[in-house]
Amino acid sequence: MTVSDLINKLDLKLVAGADGLDHAISGCYICDLLSLVMSNSSSGNVWVTVQTNINVVAVAALTDAACVVIAENSQLEPIAVSKADKEGIAVLSTHMTAYEIACKLKDVL
Amino acid sequence: MSDIVKTLHYDVDPKDFDSVGEASGKTKNVLRQLGFPPEVLRRVAIAMYEGEINMVIHANGGTADVEISPKQIKITLKDNGPGIPDIEKAMQKGYSTASEEARSLGFGAGMGLFNMDTYADELNITTKIGVGTTVEMIIRT
Ligand SMILES: Nc1ncnc2c1ncn2[C@@H]1O[C@H](COP(=O)(O)OP(=O)(O)O)[C@@H](O)[C@H]1O
Ligand SMILES: [Mg+2]
(Lines give C-alpha, C1' and ligand atoms only; values in the text may rest on other atoms or scores of the structure.)
(Ligands and ions follow the chains in the order given, each with its own letter.)
Protein backbone atom coordinates (compact mmCIF):
# COMPACT_ATOMS: atom_id res chain seq x y z
CA MET A 1 0.00 0.00 0.00
CA THR A 2 1.20 3.50 -0.82
CA VAL A 3 0.65 6.78 0.98
CA SER A 4 -1.91 7.74 -1.69
CA ASP A 5 -3.88 4.56 -1.01
CA LEU A 6 -3.83 5.35 2.71
CA ILE A 7 -5.18 8.86 2.11
CA ASN A 8 -8.11 7.43 0.18
CA LYS A 9 -8.87 4.59 2.57
CA LEU A 10 -8.75 6.66 5.77
CA ASP A 11 -10.00 9.91 4.28
CA LEU A 12 -6.89 11.86 5.34
CA LYS A 13 -5.87 15.30 4.17
CA LEU A 14 -2.48 15.91 2.54
CA VAL A 15 -0.92 19.00 4.12
CA ALA A 16 2.64 18.77 2.76
CA GLY A 17 5.16 16.65 0.90
CA ALA A 18 3.24 15.55 -2.20
CA ASP A 19 6.47 14.07 -3.60
CA GLY A 20 6.21 11.33 -0.98
CA LEU A 21 2.79 10.05 -2.05
CA ASP A 22 4.16 6.93 -3.72
CA HIS A 23 6.13 5.74 -0.66
CA ALA A 24 5.29 2.17 0.33
CA ILE A 25 3.81 1.58 3.78
CA SER A 26 4.74 -1.23 6.15
CA GLY A 27 3.44 -0.90 9.69
CA CYS A 28 2.80 1.94 12.07
CA TYR A 29 4.46 3.63 15.05
CA ILE A 30 2.72 6.00 17.48
CA CYS A 31 4.64 8.30 19.84
CA ASP A 32 5.37 11.97 20.48
CA LEU A 33 8.81 11.62 22.09
CA LEU A 34 11.40 12.04 19.35
CA SER A 35 14.08 9.86 20.97
CA LEU A 36 11.69 6.93 21.14
CA VAL A 37 10.57 7.44 17.57
CA MET A 38 14.21 7.54 16.46
CA SER A 39 15.08 4.23 18.05
CA ASN A 40 11.82 2.27 17.90
CA SER A 41 10.16 3.09 14.60
CA SER A 42 11.04 1.17 11.44
CA SER A 43 11.53 2.37 7.92
CA GLY A 44 8.30 2.43 5.96
CA ASN A 45 6.18 3.06 9.06
CA VAL A 46 3.23 5.40 9.21
CA TRP A 47 4.24 7.65 12.11
CA VAL A 48 1.27 8.99 14.07
CA THR A 49 1.89 11.99 16.33
CA VAL A 50 0.36 15.23 17.62
CA GLN A 51 3.70 17.05 17.36
CA THR A 52 3.59 19.73 14.68
CA ASN A 53 7.02 21.38 14.72
CA ILE A 54 9.75 21.12 12.10
CA ASN A 55 11.58 18.41 14.04
CA VAL A 56 8.81 16.00 13.09
CA VAL A 57 9.96 16.26 9.49
CA ALA A 58 13.62 15.82 10.45
CA VAL A 59 12.84 12.67 12.45
CA ALA A 60 10.56 11.28 9.73
CA ALA A 61 13.37 11.76 7.20
CA LEU A 62 16.03 10.25 9.48
CA THR A 63 13.91 7.17 10.20
CA ASP A 64 12.70 6.75 6.59
CA ALA A 65 9.08 6.93 7.68
CA ALA A 66 6.61 6.31 4.84
CA CYS A 67 4.60 9.34 5.97
CA VAL A 68 3.50 11.26 9.04
CA VAL A 69 -0.11 11.38 10.23
CA ILE A 70 -0.93 14.32 12.48
CA ALA A 71 -3.80 13.35 14.78
CA GLU A 72 -6.60 15.40 16.31
CA ASN A 73 -6.53 18.18 13.75
CA SER A 74 -3.23 19.60 14.97
CA GLN A 75 -1.81 22.10 12.49
CA LEU A 76 1.64 21.52 11.02
CA GLU A 77 3.72 24.69 11.45
CA PRO A 78 4.39 26.60 8.18
CA ILE A 79 8.18 26.13 8.38
CA ALA A 80 7.60 22.40 8.80
CA VAL A 81 5.35 22.42 5.74
CA SER A 82 8.13 23.83 3.58
CA LYS A 83 10.68 21.37 4.94
CA ALA A 84 8.32 18.44 4.29
CA ASP A 85 7.81 19.70 0.73
CA LYS A 86 11.57 19.98 0.27
CA GLU A 87 12.30 16.53 1.71
CA GLY A 88 9.36 14.83 0.01
CA ILE A 89 7.88 13.56 3.27
CA ALA A 90 4.09 13.33 3.01
CA VAL A 91 2.34 14.78 6.06
CA LEU A 92 -1.33 13.94 6.45
CA SER A 93 -3.86 15.33 8.86
CA THR A 94 -7.09 14.06 10.37
CA HIS A 95 -9.58 14.82 13.14
CA MET A 96 -9.17 11.25 14.42
CA THR A 97 -7.28 10.42 17.63
CA ALA A 98 -4.17 8.22 17.46
CA TYR A 99 -6.29 5.34 18.77
CA GLU A 100 -8.93 5.77 16.08
CA ILE A 101 -6.25 5.93 13.40
CA ALA A 102 -4.60 2.77 14.75
CA CYS A 103 -7.92 0.88 14.69
CA LYS A 104 -8.48 1.82 11.07
CA LEU A 105 -4.88 1.05 10.10
CA LYS A 106 -5.27 -2.44 11.55
CA ASP A 107 -8.00 -3.13 9.01
CA VAL A 108 -6.20 -1.79 5.96
CA LEU A 109 -2.53 -2.69 6.48
CA MET B 1 43.46 6.82 9.57
CA SER B 2 44.78 6.95 6.06
CA ASP B 3 41.79 5.38 4.36
CA ILE B 4 39.40 8.22 5.10
CA VAL B 5 37.28 8.75 2.01
CA LYS B 6 35.47 11.86 3.08
CA THR B 7 35.24 14.35 5.92
CA LEU B 8 32.24 16.54 6.71
CA HIS B 9 31.98 19.62 8.90
CA TYR B 10 28.85 21.35 10.15
CA ASP B 11 28.14 24.22 12.51
CA VAL B 12 25.19 23.40 14.72
CA ASP B 13 23.24 26.58 15.50
CA PRO B 14 22.71 27.50 19.13
CA LYS B 15 19.12 27.45 20.39
CA ASP B 16 17.78 26.96 16.91
CA PHE B 17 15.19 24.23 17.37
CA ASP B 18 14.23 24.68 13.73
CA SER B 19 17.44 23.48 12.12
CA VAL B 20 18.37 20.70 14.52
CA GLY B 21 18.81 17.50 12.56
CA GLU B 22 20.31 19.17 9.52
CA ALA B 23 23.85 17.90 10.13
CA SER B 24 22.60 14.35 10.78
CA GLY B 25 20.29 14.47 7.77
CA LYS B 26 23.02 15.66 5.42
CA THR B 27 25.47 13.11 6.80
CA LYS B 28 22.95 10.33 6.28
CA ASN B 29 22.43 11.41 2.66
CA VAL B 30 26.18 11.45 1.99
CA LEU B 31 26.54 7.96 3.47
CA ARG B 32 23.61 6.72 1.41
CA GLN B 33 25.22 8.09 -1.75
CA LEU B 34 28.47 6.37 -0.82
CA GLY B 35 26.56 3.09 -0.68
CA PHE B 36 26.63 2.27 3.05
CA PRO B 37 23.92 -0.26 4.06
CA PRO B 38 20.61 0.89 5.64
CA GLU B 39 21.55 -0.48 9.07
CA VAL B 40 24.68 1.69 9.17
CA LEU B 41 22.70 4.74 8.01
CA ARG B 42 20.16 4.11 10.73
CA ARG B 43 22.73 3.81 13.52
CA VAL B 44 24.61 6.91 12.39
CA ALA B 45 21.36 8.87 12.06
CA ILE B 46 20.13 7.96 15.54
CA ALA B 47 23.43 8.49 17.34
CA MET B 48 24.30 11.73 15.55
CA TYR B 49 20.80 13.22 15.79
CA GLU B 50 20.71 12.66 19.56
CA GLY B 51 24.10 14.32 19.91
CA GLU B 52 23.08 17.19 17.70
CA ILE B 53 19.92 17.77 19.73
CA ASN B 54 21.92 17.80 22.95
CA MET B 55 24.21 20.52 21.64
CA VAL B 56 21.15 22.64 20.85
CA ILE B 57 18.98 22.06 23.91
CA HIS B 58 21.68 21.70 26.59
CA ALA B 59 24.68 23.66 25.24
CA ASN B 60 25.01 26.67 22.94
CA GLY B 61 25.32 24.79 19.71
CA GLY B 62 28.69 23.60 18.49
CA THR B 63 30.39 21.78 15.67
CA ALA B 64 29.91 18.37 14.13
CA ASP B 65 32.73 16.62 12.29
CA VAL B 66 32.39 13.32 10.49
CA GLU B 67 35.19 11.12 9.17
CA ILE B 68 34.01 8.47 6.78
CA SER B 69 36.11 5.44 5.94
CA PRO B 70 35.05 2.06 4.56
CA LYS B 71 35.37 0.40 7.97
CA GLN B 72 33.94 3.05 10.28
CA ILE B 73 32.21 6.39 10.64
CA LYS B 74 33.64 8.66 13.32
CA ILE B 75 31.48 11.50 14.60
CA THR B 76 32.88 14.27 16.80
CA LEU B 77 30.48 16.73 18.40
CA LYS B 78 32.04 19.64 20.22
CA ASP B 79 30.30 22.34 22.22
CA ASN B 80 31.25 25.16 24.57
CA GLY B 81 28.23 24.60 26.79
CA PRO B 82 27.92 24.12 30.56
CA GLY B 83 29.44 20.62 30.64
CA ILE B 84 27.91 17.54 32.26
CA PRO B 85 28.39 17.36 36.05
CA ASP B 86 27.65 13.63 36.43
CA ILE B 87 28.02 11.60 33.25
CA GLU B 88 26.91 8.35 34.87
CA LYS B 89 23.65 9.94 35.96
CA ALA B 90 23.21 11.64 32.59
CA MET B 91 23.58 8.28 30.83
CA GLN B 92 20.63 6.81 32.74
CA LYS B 93 17.47 6.20 30.73
CA GLY B 94 14.93 8.90 31.54
CA TYR B 95 17.28 11.38 33.24
CA SER B 96 16.83 14.81 31.70
CA THR B 97 17.34 18.45 32.60
CA ALA B 98 15.65 19.66 29.40
CA SER B 99 13.55 22.84 29.57
CA GLU B 100 9.76 22.89 29.34
CA GLU B 101 10.10 24.43 25.89
CA ALA B 102 12.32 21.60 24.67
CA ARG B 103 9.95 19.02 26.15
CA SER B 104 6.93 20.54 24.50
CA LEU B 105 8.66 20.02 21.15
CA GLY B 106 9.15 16.31 21.82
CA PHE B 107 12.75 16.45 23.11
CA GLY B 108 13.87 15.65 26.63
CA ALA B 109 12.89 11.99 26.93
CA GLY B 110 16.21 11.40 28.68
CA MET B 111 16.99 8.73 26.10
CA GLY B 112 19.63 10.54 24.06
CA LEU B 113 22.85 9.38 25.69
CA PHE B 114 21.36 5.92 26.17
CA ASN B 115 20.53 5.72 22.46
CA MET B 116 23.99 6.99 21.52
CA ASP B 117 25.56 4.33 23.72
CA THR B 118 23.32 1.66 22.20
CA TYR B 119 23.76 2.52 18.53
CA ALA B 120 27.42 3.60 18.45
CA ASP B 121 30.13 0.95 18.82
CA GLU B 122 32.20 3.40 20.81
CA LEU B 123 31.08 6.43 22.79
CA ASN B 124 33.57 8.75 24.45
CA ILE B 125 32.47 11.81 26.37
CA THR B 126 34.93 14.41 27.59
CA THR B 127 33.37 17.20 29.59
CA LYS B 128 34.44 20.07 31.78
CA ILE B 129 32.08 22.21 33.80
CA GLY B 130 31.82 25.71 32.35
CA VAL B 131 34.05 24.79 29.42
CA GLY B 132 32.14 22.34 27.27
CA THR B 133 31.58 18.80 26.13
CA THR B 134 33.06 16.71 23.35
CA VAL B 135 31.27 13.57 22.29
CA GLU B 136 33.12 11.12 20.07
CA MET B 137 31.29 8.20 18.52
CA ILE B 138 32.47 5.43 16.26
CA ILE B 139 30.09 3.35 14.22
CA ARG B 140 31.73 0.37 12.57
CA THR B 141 30.30 -0.67 9.25
N1 LIG C 1 26.19 18.52 25.28
C2 LIG C 1 25.69 18.59 26.54
N3 LIG C 1 25.99 19.63 27.34
C4 LIG C 1 25.52 19.71 28.60
N5 LIG C 1 24.72 18.79 29.16
C6 LIG C 1 24.37 17.71 28.43
C7 LIG C 1 24.84 17.56 27.08
N8 LIG C 1 24.35 16.39 26.61
C9 LIG C 1 23.61 15.86 27.60
N10 LIG C 1 23.63 16.64 28.70
C11 LIG C 1 22.99 16.36 30.01
O12 LIG C 1 22.67 14.97 30.07
C13 LIG C 1 21.26 14.79 30.26
C14 LIG C 1 20.80 13.54 29.53
O15 LIG C 1 20.94 13.69 28.12
P16 LIG C 1 20.04 12.83 27.15
O17 LIG C 1 20.18 11.40 27.53
O18 LIG C 1 20.35 13.19 25.76
O19 LIG C 1 18.55 13.24 27.53
P20 LIG C 1 17.74 14.57 27.15
O21 LIG C 1 18.49 15.29 26.08
O22 LIG C 1 16.43 14.07 26.69
O23 LIG C 1 17.66 15.38 28.41
C24 LIG C 1 20.64 16.07 29.75
O25 LIG C 1 19.35 16.30 30.28
C26 LIG C 1 21.66 17.10 30.19
O27 LIG C 1 21.52 17.40 31.56
MG1 LIG D 1 19.19 14.39 24.44
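All chains are named by letter (A, B, ...) in the order of the sequence lines, taking the proteins before the strands, and each is independently numbered beginning at 1. These numbers come from a predicted model, not from an experiment.
Residue contact with chain B, scored on non-hydrogen atoms closer than 4.5 Å, involves the backbone and the side chain of Leu33(A) alike. Using a 4.5 Å cut-off between heavy atoms, Ser104(B) touches chain A through its backbone atoms (N, CA, C, O) alone.
Grouping the Ile, Leu, Val, Met, Phe, Trp and Tyr side chains by contacts below 4.5 angstrom, directly or via other members, places Met137(B) with Val66(B). In this structure, Val69(A) is a member of the same hydrophobic cluster as Val3(A), with clusters built from ILVMFWY side-chain heavy atoms closer than 4.5 Å. Hydrophobic cluster membership is shared by Val81(A) and Val91(A), with clusters built from Ile, Leu, Val, Met, Phe, Trp and Tyr side chains linked at under 4.5 angstrom. Linking Ile, Leu, Val, Met, Phe, Trp and Tyr residues whenever their side-chain heavy atoms come within less than 4.5 Å places Val37(A) and Ile53(B) in a single cluster. By the rule that hydrophobic residues join a cluster once side-chain heavy atoms approach within less than 4.5 Å of another member, Ile79(A) and Val20(B) end up as members of separate clusters.
Nearest heavy atoms, Glu22(B) versus Lys83(A): CG-NZ, 4.5 Å. Between Ser35(A) and Ala109(B), the closest heavy-atom pair is CB-CB, 4.1 Å.
Atom CG of Leu41(B) and atom OG of Ser43(A) lie 10.5 Å apart (nearest 0.5 Å). Atom CD of Gln51(A) is separated from atom CG of Leu105(B) by 6.5 Å, given to the nearest 0.5 angstrom. A distance of 9.5 Å separates CG of Leu62(A) from CE of Met48(B), quoted to the nearest 0.5 Å. Taking CG of Asp64(A) as the start and NZ of Lys28(B) as the end, the distance is 3.5 Å to the nearest 0.5 Å. Note: Leu34(A) CG to Glu50(B) CD = 8.5 Å, rounded to the nearest 0.5 Å. With rounding to the nearest 0.5 Å, the separation of CE in Met111(B) from CG in Leu36(A) is 5.5 Å.
A distance-only check finds no donor-acceptor pair linking the side chain of Asp32(A) to the backbone of Gly106(B) [under 3.5 Å]. Tyr119(B) contributes a side-chain N or O that, together with a main-chain N or O of Ser39(A), makes up a donor-acceptor pair within less than 3.5 Å.
Taking 4.5 Å as the limit, some side-chain heavy atom of Tyr49(B) sits within range of a side-chain heavy atom of Asn55(A).
Heavy-atom contacts from other residues, nucleotides or ligands closer than 6.0 Å to CD of Gln75(A) number 12 or fewer.
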